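Presented below is the structure to which this report refers.
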Amino acid sequence: MNISLHGRALLLGLLLTSGAALAADGAPRPAAGVAEAQRPGHAGIASANFLATNAGFEVLAKGGNAFDAAVAVASTLSVVEPESSGIGGGFMATLHTARGDRDAFIDARETAPMAVNPKDYLNPDGTPNRDAALKGPLSAGIPGEPAGLELLAKRYGRLPLSVSLAPAIRIARDGFKPDPRLLGAIRDEQKNLERWPASAGKFLPGGKPPAEGEVWRDPDQARTWESIAQKGADAGFYHGEVAQKLVDAVRAAGGNWTLQDLADYRARERAPIVVDYQGYKIVTAPPPSSGGVAIAEILNILRGYDLAKMDQARRMHYVIEAMRRAFRDHNDYLGDPDFVKMPLDMLLSPYYADGLRQSILPDRATPSSMLPHESARDPGMHTTHFSIIDKNGNMVAITSTVNYVLGSTFVATGTGVLLNDEMDDFALVPDQPNVYGLLGSKANAPEGGKRMLSSMSPSLVLGKDRSAVIGSPGGSTIITQVLEGILHFIDGDSAQQITAARRFHHQFLPDVVYVEDGVFDAATSAQLQKMGYTLKPREGWGFMNVVTWDHKTNTLDAASDPRRPSGLGKVE
Ligand code: GLY
């Protein structure tokens, strides 16, 4: 049996352009569901750390809006949750402004240094060098976080950075008690941190990981945020003393950054992906994230089924098959839109989804090996997400990352800046298996100045009666977790129910359904296995942070993932 994909090759030939209009259903875009006049009158913030959530409220109390609060939350997470995101990493933000009812997207993804050389990520025998890709300065892209936060503050916020960065600076300078997850990350990475004196100096005070309950300070990071607060990101980070220290440290440890790489970095505004599903408008991340395209493709496939009328096994069957097809496409086509022409018009078209739907059998799994494809990849596992709605109805979803736990584990001397290991999100070695034994696609091959593909999917779900700000960490599982969160929300679930819901994931290859304990009842599991699915238990699902807004009662609800006890969702 061979399952052909309806017109895929033909459409691809016709549509090899990156479309400016990113509407995912081809229809004229209706006005957002949220009435411009409506204001909640109170605010909700959900993040992975209570200190960061409280920092956001502190800045709201100073007269800031959701976007100023986002600067406070992101910079505070850099201090208190450095294992996931931070000043040496990057982020993606999906925004909705109450005034003007406008949706926007900020891409503060890292870029490859101009001197990037794929050979640096190979062992002498030609096999991938996992250590170079994941640890030390060669694994780090040029950070986007400072430029992105400044762009967010200047274009959308009300307050100067000196106010919105104040909580992070204070917490880094005065100290805080790290939560068990950060302490565990430092213990797990101790050997790598010991490889670089500034990393050991920051994370191993007195030569060992901080003890539980001990106050831990990061005065170097406080000074770097202060430099940005006083001089702006350009003069305070990408040029001048901090830039010189970053480049000196990277080059002394075998990396290849130059001052020009830092000077050339720009955060970008891009048109978000927009898709309508069951009366809701979903606003999500465009490339260089694969997340929004995949979510839109999955929803476009699912709109052809009446899922509410199906039993759980049949419903899961269609959701998994839609995931399988969307991941196949994201592996093959997507990359940095400034470098790669992508068939977005095709991938986001309802006709393309119609064709994919016809390839789904009603009662049987489609083996991934039967779908034509070129490659597959799996980006890193760590990352953080937070969600905010302010009293005026401004909304922001930010997913931020240094990639793997504690990024590259490399701290640049005298800056407190922990560098990301985002270079591993490129297909570093063309036509060679990556560190997961999977082949990478050409669209995501590394080039100087290029952004590596991401799965980050910060999303807004805008409806007439209810709206939500939603997102998750979790590497490639970000996409499916956010999709499942969106479906739960549309089914009427609360923020608490969405964050607590058990999850599952299929990413085309490997051809298995990863399942969280308890996600399917025994009968559903048995039926899915009978249909040909391999179910594989998996731990370590993303920490979702969600804020919802009920427009009828005009109330907000904020929930942080119960899998992460130090998180906090709060409404005030
Ligand atoms: N580093 C994880 C991602 O960007 O998807």
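Below, each value reflects all heavy atoms present in this structure, side chains not excepted, and no hydrogens, waters or symmetry copies. In listed order, ligands and their atoms are each counted from 1. Worth saying up front: this structure is predicted, and the values here are computed from it rather than measured.
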query = Taking only heavy atoms of Asn403, which atoms of ligand 1 are found under 4.0 Å from at least one of them?
reply = 1 (N), 2 (C)

message = Minimum distance, heavy atoms only, to atom 3 (C) of ligand 1: which one of Asp425, Leu453, Thr383 is it?
response = Asp425

task = Report yes or no: do Ser472 and His385 form a side-chain donor-acceptor pair below 3.5 Å?
result = no

key: Atom indices of ligand 1, in the order listed, that fall short of 4.0 Å to a heavy atom of Arg109   = 4 (O)

request  = Measure the CD1-CH2 distance between Ile171 and Trp216 for me, rounded to the nearest 0.5 Å.
outcome  = 12.5 Å

query = Salt bridge check: are Glu194 and Lys191 linked by an N-O gap of less than 4.0 Å?
reply = no

request  = Using a strict cut-off of less than 4.0 Å between a Lys/Arg side-chain nitrogen and an Asp/Glu carboxylate oxygen, indicate whether Glu189 and Lys135 qualify as a salt bridge.
outcome  = yes

query = Which ligand 1 atoms does Ser455 reach within 4.0 Å, using its non-hydrogen atoms?
reply = 3 (C), 4 (O), 5 (O)

ask   = Does the gap between the ring centers of Tyr121 and Phe426 come in under 6.0 Å?
value = no

request  = Would you mind listing which atoms of ligand 1 come within a distance below 4.0 Å of any non-hydrogen atom of Thr401?
outcome  = 1 (N)

